[in-house]
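Okay, structure first, notes after.
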Amino acid sequence: MRIHLKTLGCRLNEAEMESWSRGFQARGHSLTEAAEEADLLVVNTCAVTEEAVRKSRKLLNRSSRLNPNARLVVSGCYASLNPDTAAVIEGVDLVVSNQQKERLVEIVEEELDLRVMPQSALEPDATGLLGRGRQRAFIKVQDGCRYRCSFCIVTLARGDERSRPAEEIVAEINRLHHQGVQEAVLTGVHIGGYGDDCGSSIAELIRRILQETAIPRLRIGSIEPWDLPDDLWPLFENSRFMPHLHLPLQSGSDSVLRRMARRCRSDEYRRLVTLARERVPEINITSDIIVGFPGETEAEWQQTLDFVNEIEFGDLHIFAYSPRHGTKAANLPGAVNRELKRQRSQCLHRLNLQMKKKLLKRFLGRALPVLIESGDEKGWGGYTPNYLRVTAKGAEGVDLKNRIVEVEINAIDDQELLLQGKIQGANGGPPGNQIAEGRG
Ligand code: SF4
């Protein structure tokens, strides 16, 4: 999908545009300077003066005239103050308010059904699995993949597996922690294979990081289910190792998994999830699903739906299959048409919402440690250890950004799908201090 971004107004609008461009690119879209060539136009409007409002409206009209075939998304102050008038401007497909701006890329993909398959199913920044920020840093631990999943271009693009020396990784995490980063996420194309080329393993690496750094939170981004080593489970007893696993499933149908050349069938996946939940009761299991893989029949699709329903994931990243030149799947017969892919994807999105709500409800009334990433006295935002979004009120007169605080959960925001609560026991102190931590 080619995307053209345009902004009016202040520096903040420009910074947001920068972050959207990174977000869209990370999810496999490309940017274009030419609005006429784009499939999607995003306009960040301004309302600081009457003149700014006039210019915003003019820009929207011009954009839709210039490229009537592209879908048009509008955000920013003009659109937030006048959502109804903005929505009826000719050509406008979607209005994203300022309150939702941080999630614009995700919302646009969901609402306009734009998700394309990432280059690699495993890179967290490619799937939008975890957000970047001052509090969270991605640490690349390896590159390359030995497998040949039939839809994946990575093996061709990235070559053989190479692990980064553990000393280097530990030193990088220590340096970032010293600079104020509170959470490190280990990433790679195939992190389950870490260490095979240097007599180590991913579990050994995690153990070493926990011993040789004091980083308050450590996560692994995404790991192929068949790669989960047995010695990973005891590591979760350390409350600094976050109870969240992203295990790409891709399909719940064994015949589709075979065509995808995946190494884990539904039975084994089910067994792994059961084991994970037994060993780590608070664990949040999230996954990726590709809909419309070549030849996906109605029966196979139903198997995926049933399996997803049975497993009850904490969140899904849903991708409509798109062929990658040079992969085996690109030559498979039985392409699924666009409309059917759209319907299947929407159906899975609906199921995802139900599953997410159900998971959130489990945490009502609980006190959870939250790493605060954004906000001010009017409301703070952050994540629990098992990567659930939380907004919280309280702690007046204290800057909580980049701190881990305890939040008592008292409500669920059904629209935004996040937990809401009240900050407990916050106190002063320099940024970066922990106020509370423990298993959520
Ligand atoms: S395991 Fe499969 S999907 Fe993952 S990077 Fe390797 S080839 Fe690609």
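Computed from heavy atoms alone, side chains included, the values below leave out hydrogens, waters and symmetry copies. Whatever order the structure lists ligands and atoms in, that order sets their numbers, starting from 1.
The pair Lys356-Asp315 counts as a salt bridge, with a side-chain nitrogen and a carboxylate oxygen less than 4.0 angstrom apart. Of the charged side-chain nitrogens involved, at least one lies within less than 4.0 Å of a carboxylate oxygen, so that Arg219 and Glu183 count as a salt-bridged pair. Salt bridge annotation for Arg270-Glu310: present, with a cationic side-chain nitrogen under 4.0 angstrom from a carboxylate oxygen.
Between His190 and ligand 1 there is no heavy-atom distance shorter than 4.0 Å.
Heavy-atom proximity to Arg262, at under 4.0 Å, picks out these atoms of ligand 1: 2 (Fe), 3 (S). Interface atoms of ligand 1 facing Cys145, defined by a heavy-atom separation under 4.0 Å, are 1 (S), 5 (S), 6 (Fe), 7 (S). Counting the atoms of ligand 1 from 1 in the order shown, those under 4.0 Å from a heavy atom of Glu224 are 1 (S), 3 (S), 4 (Fe).
Ring planes of His190 and Tyr147: perpendicular class, angle over 60° (limits at 30 and 60°).
Relative to the ring axis of Phe241, Arg207 does not place its NZ or CZ within 45° and under 6.0 Å from the centre.
Contacts between Arg146 and ligand 1, counted as non-hydrogen atom pairs separated by less than 4.0 Å, are absent for every part of the residue.
The distance from atom 2 (Fe) of ligand 1 to the nearest N/O/S atom of Cys149 is under 2.8 Å. With a cut-off of 2.8 Å, atom 6 (Fe) of ligand 1 has no N, O or S atom of Cys152 in range.
Counting all heavy atoms, side chain and backbone alike, Arg2 lies closest to Glu37 at CZ-O, 3.1 Å.
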